[in-house]
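Remarks on the structure that follows.
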Amino acid sequence: MPQPNDLSRSLVALDQDSTIIAVVEMSQSSWLVGGVLPGIERQPCKKLEPSAERLLGLLHRWRDEAVRAGKKITRIALAFEAGRDGFWLARWLSARGVEAHVIHPSSVAVSREHRRAKTDRLDTELLKRGFLGWLRGERGHCSMARVPTIAEEDAKRPNRERECLVGERTRIVNRMKGSLARLGIRNFKPTLRKAAERLATLQTPEGSPLPPNVSAELQRDMARLRFVISQIREIEEARQKRLEQEPETGSHAMVRRLARVVGVGIETADMLVHEVLSRPIRDRKAVARYAGLTGSPDESGAKRREQGLARAGNARVRRGMIQLAWRFLLFQKESALARWYRARTADSRVGTRKTMIVALARKLLIALWRFVTTGETLEGVILRPAG
């Protein structure tokens with residue numbers, strides 16, 4: 001029985017005599033479009049400039065050719081790999097009657113030859129074979145990515161922008177500390193409120209003021225740091241304002257519910273909800289797989305070993321969940337998951353805690369997914385009062 005939200009195969013029967021099948025190999029300079037046309041023996045391949053209008057015109061021209069060959073076309077199915085261009089083309093084509101799909105690039109099987117030939121034309125043929133198998137409903141040919149709406153994509157931007165700004169803040173602070181360390185100054189903290197005032201009074205261990213070029217550089221770094229911190233604060237205040245104005249709207253209700261768990265802050269809750277928990281995911285295995293928290297076994301004959309995390313999912317969710325798992329052990333010591341972790345790491349073997357924290361992160365993510373989607377309670381977990 002087909003499962004909901006299963007994108008590993010098509011759930012619509014394929015009538016190849018009435019369907020135009022096309023794939024696009026996309027690059028910044030050109031698009032290579034390959035097609036399979038009913039009633040036409042040749043399989044056309046056309047290079048276009050990166051233009052959605054030109055692509056739609058080509059599909060319509062191929063449809064007219066198939067009609068002239070005596071075929072009645074009722075479906076145009078097109079696919080391309082996920083990449084730099086995102087999902088806008090899929091949304092644009094879907095609004096104009098074309099069935100557009102986005103392929104996970106890592107799900108397409110390729111030759112394992114050491115020096116295999118690789119051209120856009122060969123890649124187009126590879127995509128075409130995988131897409132045909134997917135349309136026939138066969139598993140293992142390729143997997144599709146879910147096409148998000150513009151609103152869903154936009155909801156991720158504040159959290160991702162804040163992540164970039166936090167990284168920039170860390171880089172500026174480390175650069176300033178490194179410049180001062182070369183002069184023997186180690187007790188200066190650039191993030192303090194009066195750091196700019198203290199910077200003007202710093203002296204080297206020899207008792208001399210900072211060299212003029214170093215002082216000018218640090219002043220510019222301090223100005224950049226203040227600007228980055230103000231932008232981080234602006235993003236956080238805007239998010240808090242949205243949560244207060246629309247507390248029960250869509251993902252906001254999930255964020256507020258998740259933030260009730262002691263040890264989970266607003267920032268972590270916002271990231272988890274918009275990156276994974278608000279997605280229509282098939283089952284618990286798909287949740288763990290999307291976060292890249294599943295294993296990658298290497299088994300052949302008598303060989304049995306584990307290569308570690310697959311890391312094929314969302315890296316933000318994976319990093320956030322491993323950090324949250326360590327925090328969960330600190331704030332939720334009497335929860336069922338924390339007791340499960342302690343029972344399996346009681347032997348204190350080398351590497352056991354590191355391995356089991358990944359298992360805890362996987363179990364915790366599935367439990368949080370059930371908590372915000374179905375209301376299933378978290379055994380032994382302390383919740384903050386609602387409000």
Side-chain angles (χ1 to χ4, degrees), residues 156 158-160 162-163 165-167 169-170 191 229 232-233 235-237 239-244 247-248 251-279 281 284 287-288 290-294 309 313-387:
K156 298 178 182 180
N159 187 276
R160 294 187 177 189
R162 183 186 181 278
E163 182 181 359
L165 290 173
V166 169
R169 180 183 64 186
T170 303
T191 54
I229 291 175
I232 294 174
R233 189 179 302 114
I235 292 173
E236 293 173 347
E237 290 174 354
R239 179 183 57 218
Q240 189 63 35
K241 186 177 180 180
R242 287 194 300 269
L243 289 175
E244 292 174 356
E248 302 302 327
S251 60
H252 292 173
M254 299 177 72
V255 173
R256 290 168 61 87
R257 182 177 178 83
L258 191 59
R260 289 186 58 201
V261 178
V262 174
V264 179
I266 286 291
E267 185 62 38
T268 302
D270 185 73
M271 182 274 293
L272 289 177
V273 167
H274 289 117
E275 293 288 347
V276 59
L277 299 182
S278 60
R279 296 171 61 91
I281 298 182
R284 62 183 182 85
V287 173
Y290 179 79
L293 291 170
T294 54
L309 289 180
N314 191 313
R316 289 182 178 86
V317 177
R318 181 171 61 252
R319 291 193 302 264
M321 282 309 304
I322 291 176
Q323 293 173 4
L324 179 59
W326 288 114
R327 205 159 62 238
F328 191 81
L329 294 175
L330 179 64
F331 288 95
Q332 302 285 354
K333 296 180 180 180
E334 300 306 318
S335 64
L337 287 176
R339 295 197 303 269
W340 174 87
Y341 176 83
R342 288 196 298 268
R344 281 156 180 77
T345 57
D347 56 3
S348 301
R349 288 185 299 174
V350 177
T352 302
R353 296 181 74 242
K354 183 178 178 181
T355 301
M356 294 308 299
I357 201 65
V358 176
L360 176 62
R362 181 169 58 247
K363 284 179 169 290
L364 179 57
L365 179 60
I366 294 171
L368 294 176
W369 171 65
R370 288 171 171 166
F371 176 64
V372 298
T373 55
T374 66
E376 183 176 329
T377 58
L378 301 169
E379 186 180 351
V381 170
I382 305 171
L383 300 178
R384 298 185 180 94

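All figures in this text were calculated on a predicted structure; none of them were measured in a lab. Position 1 is the first residue of the sequence; numbering continues from there.
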Of all heavy-atom pairs between [X] and [Y], which one has the smallest distance, and what is that distance?
{"X": "Ala338", "Y": "Phe328", "value": "N-CE2, 4.4 Å"}
{"X": "Ser278", "Y": "Val273", "value": "OG-O, 2.6 Å"}
{"X": "Met271", "Y": "Arg316", "value": "CE-O, 3.9 Å"}
{"X": "Phe331", "Y": "Val262", "value": "CB-O, 3.9 Å"}
{"X": "Ala259", "Y": "Ile266", "value": "CB-CD1, 3.8 Å"}
{"X": "Val264", "Y": "Arg384", "value": "O-NH1, 3.3 Å"}

Value rounded to 0.5 Å, distance of [atom1] in [X] from [atom2] in [Y]:
{"X": "Leu324", "Y": "Leu329", "atom1": "CG", "atom2": "CG", "value": "9.5 Å"}
{"X": "Lys354", "Y": "Ile322", "atom1": "NZ", "atom2": "CD1", "value": "9.5 Å"}
{"X": "Lys363", "Y": "Met356", "atom1": "NZ", "atom2": "CE", "value": "8.0 Å"}
{"X": "Leu165", "Y": "Ile235", "atom1": "CG", "atom2": "CD1", "value": "5.0 Å"}

Checklist entry - Checking side chain to side chain contact (heavy atoms under 4.5 Å, CB included) for the pair Arg169/Ile232: CA distance, chi angles, key distance, verdict? => result CA-CA 9 Å; Arg169 180 183 64 186; Ile232 294 174; 4.0 Å; yes
Next on the checklist: Please check if the number of heavy atoms outside Arg284 that lie under 6.0 Å from its CZ is greater than 12.
Outcome noted: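 Atom CZ in Arg284 is not crowded, with 12 or fewer foreign heavy atoms closer than 6.0 Å.
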Checklist entry - Crowded around Arg353 CZ? As in, over 12 foreign heavy atoms under 6.0 Å? => result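 At most 12 heavy atoms, drawn from other residues, nucleotides or ligands, come within 6.0 Å of this atom.
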Next on the checklist: I need the single residue from Val372, Thr373, Val317 that forms a side chain to side chain contact (heavy atoms under 4.5 Å, CB included) with Leu277. Which is it?
Outcome noted: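 Testing each of Val372, Thr373, Val317 against Leu277, the sole residue satisfying side chain to side chain contact (heavy atoms under 4.5 Å, CB included) is Val372.
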Quick one: does [X]'s side chain get under 4.5 Å of [Y]'s, heavy atoms only?
{"X": "Pro158", "Y": "His274", "value": "no"}
{"X": "Gln323", "Y": "Thr268", "value": "no"}
{"X": "Ile357", "Y": "Tyr341", "value": "yes"}
{"X": "Phe371", "Y": "Val381", "value": "no"}
{"X": "Met321", "Y": "Leu364", "value": "yes"}

Under 3.5 Å, is there a donor-acceptor pair between the side chain of [X] and the main chain of [Y]?
{"X": "Arg362", "Y": "Ala288", "result": "no"}
{"X": "Arg260", "Y": "Leu383", "result": "no"}
{"X": "Arg318", "Y": "Leu293", "result": "no"}

Item to check | Non-neighbouring partners of Arg344 that pass salt bridge (Lys or Arg N to Asp or Glu O under 4.0 Å), sequence neighbours left out | outcome: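 Once residues adjacent in sequence are excluded, Arg344 has no partner under the salt bridge (Lys or Arg N to Asp or Glu O under 4.0 Å) criterion.
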Next on the checklist: Please evaluate residues Leu378 and Leu368 with respect to the criterion side chain to side chain contact (heavy atoms under 4.5 Å, CB included), reporting the C-alpha separation (whole Å), side-chain torsions for both, the decisive distance (0.1 Å), and the verdict.
Outcome noted: CA-CA 8 Å; Leu378 301 169; Leu368 294 176; 4.0 Å; yes
Item to check | Derivation of the side chain to side chain contact (heavy atoms under 4.5 Å, CB included) call for Met254 and Arg257 | outcome: CA-CA 5 Å; Met254 299 177 72; Arg257 182 177 178 83; 5.7 Å; no
Item to check | Residue pairs involving residues 261-278 (criterion salt bridge (Lys or Arg N to Asp or Glu O under 4.0 Å); sequence neighbours excluded) | outcome: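 For residues 261-278: Arg160-Glu275, Arg162-Glu267, Arg239-Glu267.
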Next on the checklist: Applying side chain to side chain contact (heavy atoms under 4.5 Å, CB included) to Glu334 and Ile382, what does each step give before you reach the verdict?
Outcome noted: CA-CA 9 Å; Glu334 300 306 318; Ile382 305 171; over 6 Å; no
